[in-house]
Amino acid sequence: MNELKKVIEMRDIVKKYYIGKPNELEILHRISLDIYDGEFISIVGASGSGKSTLMNIIGLLDRPTEGEYYLNGMNMSQKKDGELSGIRNKRIGFVFQNFNLIPRISAKGNVELPMLYGKVPKKERAQRAEELLEIVGMADRASHNPNELSGGQKQRVAIARAMANDPDIILADEPTGALDTNTSRMVMDIFQRLNSERNKTIILITHNPQLAAETERIFTMSDGRIEVS
């Protein structure tokens with residue numbers, strides 16, 4: 001890590017569903033963790049361990065039932081839904097296992113989308129999308145639609161899209177889960193470069209211990225609790 005600035009600070013995070021009902025279910029049990037600026041960390045665990053629930057809270061896609069979550073020093077529990085949406089768009093880039101690209105628009109158009117929501121001017125959007133596709137080695141596929149791309153190419157476009165608004169954090173949920181070994185290696189190399197060359201804080205959600213071993217710190221989840229290794 002480059003400096004001891006906390007990007008994420010979680011204290012006693014609890015997540016419950018069906019609150020107050022006979023089938024009330026507690027998924028996360030008082031999770032506390034700190035993630036620092038410029039770190040590359042992984043959260044690992046089996047299916048049902050709670051890692052997806054935790055990811056949704058980190059990514060501001062869901063709120064905790066109890067506890068405090070600070071992102072860049074701001075208390076997220078005090079923010080309204082509209083504010084959270086704006087923070088998510090500017091501060092967090094998402095990379096998903098299934099790419100989540102819009103099928104009817106080009107690779108370049110997909111990369112431009114977060115900037116469109118962020119009200120970035122058209123000329124600037126186009127220029128930045130081209131630069132990002134160049135970074136991930138997809139400049140020559142900018143005009144291709146997702147159905148004309150391989151899995152690895154789609155994921156590289158998805159990484160470029162995650163970088164669109166120059167976020168502090170990239171949250172990657174099983175980003176190599178649908179890819180073969182060689183393509184997975186290429187995707188991990190891109191994450192390593194974004195971390196080392198651009199100081200992006202990267203949070204990798206994975207069940208693959210070999211991928212996790214490439215990160216600086218590993219948080220292991222089991223039954224809604226977390227361990228640091």
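Values below: every heavy atom of this structure, side chains too, minus hydrogens, waters and symmetry copies. If you're wondering where the values come from, they're calculated on a predicted model, not measured in any experiment.
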J.: Can you name the residues that form a ring-ring contact (aromatic ring centres under 6.0 Å, His included) with F40, not counting sequence neighbours?
T.: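 Result, ring-ring contact (aromatic ring centres under 6.0 Å, His included) vs F40: none returned.
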J.: Does NZ or CZ of K16 come closer than 6.0 Å to the centre of the six-membered ring of Y18, within 45° of the ring's axis?
T.: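 Verdict for Y18: no cation-pi partner in K16.
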J.: Any salt bridge between D189 and R193, counting N to O under 4.0 Å?
T.: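 So D189 does not pair with R193 through a salt bridge.
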J.: Should the pair D166-R198 be classified as a salt bridge under the 4.0 Å nitrogen-to-oxygen rule?
T.: no
J.: Can a salt bridge be assigned to the pair D37 and K200 using a cut-off of 4.0 Å between side-chain N and carboxylate O?
T.: no
J.: Closer than 3.5 angstrom, by distance alone: can the side chain of E112 be matched with the main-chain N or O of A107 as a donor-acceptor pair?
T.: no
J.: I need the N72 CG to E9 CD distance, nearest 0.5 Å.
T.: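 Answer rounded to 0.5 Å: 11.5 Å.
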J.: Would you say the side chains of D180 and T183 form a donor-acceptor pair under 3.5 Å?
T.: yes
J.: Are K108 and E130 ion-paired here, with the side-chain N under 4.0 Å from a carboxylate O?
T.: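 Yes.
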J.: Under the salt bridge (Lys or Arg N to Asp or Glu O under 4.0 Å) rule, what pairs show up with a residue in residues 144-160, not counting sequence neighbours?
T.: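 Listed once each, the pairs would be none.
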J.: Please check: side-chain N/O of N165 versus main-chain N/O of P114, any donor-acceptor pairing under 3.5 Å?
T.: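 Yes; judged by distance alone, with no hydrogens or angles, the pair exists.
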J.: Which heavy atom of A129 sits nearest a heavy atom of M115, and at what distance?
T.: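 Distance-wise, the nearest heavy atoms are N-CE, 4.0 Å.
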J.: Just do the salt bridge (Lys or Arg N to Asp or Glu O under 4.0 Å) check on R88 and D81 with the steps written out, would you?
T.: CA-CA 10 Å; R88 187 168 61 240; D81 288 348; over 6 Å; no
